[in-house]
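Every number for a ligand or one of its atoms is a count from 1 in the order of the listing. Because only heavy atoms are used, hydrogens play no part in the values below, and waters and symmetry mates are left out as well, while side chains stay in.
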Amino acid sequence: MAERPYIVGNWKMNGTRAMLSEARAIDRAAQRYMKVEVAVAPPYTLIHAVHKEAEQIGIGAQDCHSGAEGAHTGDINASMVADAGAKFVILGHSERRQDHAETDELINAKIESALEAGLRVILCCGESLETRDAGEAESFVLGQLRAALPIFQDPADRLTIAYEPIWAIGTGRTATVEDIAAMHRAIRALLDETFGEDVSAKVRILYGGSVKPDNAREILAVPEVGGALVGGASLSAENFLGIVVGASEAEEV
Ligand SMILES: O=C[C@H](O)COP(=O)(O)O
């Protein structure tokens, strides 16, 4: 694996200031696992507070608006999350695509705006169960990525991909390691073809979907997997750090 494994906690719509103690615990413990890059994406309301607590971990946002400042009540743009302390933004998550009808076009506009604001992007992709059962998982996922990859001029520095099969998110059901490896290989081949192998090698591909302390090591030991995007298990420092430990152990194998 070219880079350190990257373990990112996506807190989704969870967390009040009471979560700051968890963030502090994650940050302090992360200093013991320097072979792993650790980050969290709190809700907008906590980005600045977590950023102020964090010495070791990276801080990101879960979304951003595609535009500059202006009359968009309730929206937050990329410069605003960067100003609050975020260094990356998660874009294209299936919950945004489903709950907010986000299209590839809108996601692309958000990517452009995030890159302009100096943010790194974690670009999510993943198929539904129907698509997988129809045998179209790979073409669907690669189609999602083909729509966005050409925007990245400097992918080595700016892009991380998160493959998250929708049917594995929050369900307790993970894809098999064979399925994960196969999809990650297909994504890698697309990155090689789009950017060339040297640049592609610097882009990590994360797996997301019910990653927990008890399955983290097995998933993260898959050579094609460069880390994990963790939802539910990132809400407790103990569970999240269990995954960081799994990543650290998988790295030593
Ligand atoms: O962004 C994280 C993913 O949606 C995975 O969520 P989960 O770990 O709760 O399944």
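Set against the non-hydrogen atoms of Asn10, the atoms of ligand 1 under 4.0 Å away are 1 (O), 2 (C). The contact set between ligand 1 and Gly232, taken as ligand atoms under 4.0 Å from a residue heavy atom, comprises 7 (P), 8 (O), 9 (O). Interface of Ala168 with ligand 1, defined as ligand atoms under 4.0 Å from a residue heavy atom, comprises 10 (O). Contact atoms of ligand 1 toward Lys12: 1 (O), 2 (C), 3 (C), 4 (O), 5 (C), 6 (O) (distance under 4.0 Å to a heavy atom of the residue).
Under the 4.0 angstrom criterion for non-hydrogen atoms, Gly209 is in contact with ligand 1. At a 4.0 Å cut-off, not a single heavy atom of Cys124 sits close enough to ligand 1 to count as contact.
In the candidate list Gly170, Gly9, Ser94, Ala41, Gly170 is nearest to atom 10 (O) of ligand 1, counting heavy atoms.
Looking at Ala162 against ligand 1, nothing comes within 4.0 Å, counting heavy atoms.
At the top of the distance list for atom 8 (O) of ligand 1, counting protein heavy atoms only, stands Gly231 N, 2.9 Å. With hydrogens left out, the protein atom closest to atom 2 (C) of ligand 1 is Glu164 OE2, 3.1 Å, a heavy atom.
Between Lys212 and ligand 1, no pair of N/O atoms sits closer than 3.5 Å.
Taking CZ of Arg217 as the start and CD1 of Ile219 as the end, the distance is 13.0 Å to the nearest 0.5 Å.
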Side-chain donor-acceptor contacts of residues 181-196 below 3.5 Å, not counting sequence neighbours, with atom names and distances?
unit_1, atom_1, unit_2, atom_2, d
His184, ND1, Glu224, O, 3.3
Arg185, NH1, Glu224, OE2, 3.0
Arg188, NH1, Ser200, O, 2.5
Arg188, NH1, Ser200, OG, 3.3
Arg188, NH1, Val203, O, 3.0
Arg188, NH2, Val203, O, 2.9
Asp192, OD1, Ser200, OG, 2.6
Thr194, OG1, Leu190, O, 2.6

Contacts under 3.5 angstrom, residues 46-62 side chains, donor-acceptor by atom type, not counting sequence neighbours:
unit_1, atom_1, unit_2, atom_2, d
His48, ND1, Ala84, O, 3.1
Glu53, OE1, Arg24, NE, 2.7
Glu53, OE2, Arg24, NH2, 3.4
Gln62, NE2, Lys12, O, 3.0
Gln62, NE2, Ala41, O, 3.0
Gln62, NE2, Pro42, O, 3.3

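Side chain of Arg158 to backbone of Leu119: a donor-acceptor contact under 3.5 angstrom is found.
Other residues, nucleotides and ligands contribute more than 12 heavy atoms inside 6.0 Å of the CD atom of Gln31. For Asp198, the CG atom sits in a loose shell: 12 or fewer heavy atoms of surrounding residues, nucleotides or ligands are nearer than 6.0 Å.
Inter-residue side-chain proximity for Val141 and Thr131 is flagged as unmet; no heavy-atom pair is nearer than 4.5 Å. Glu69 has its side chain within reach of Asn77: a pair of non-hydrogen atoms, C-beta onward, lies under 4.5 Å apart.
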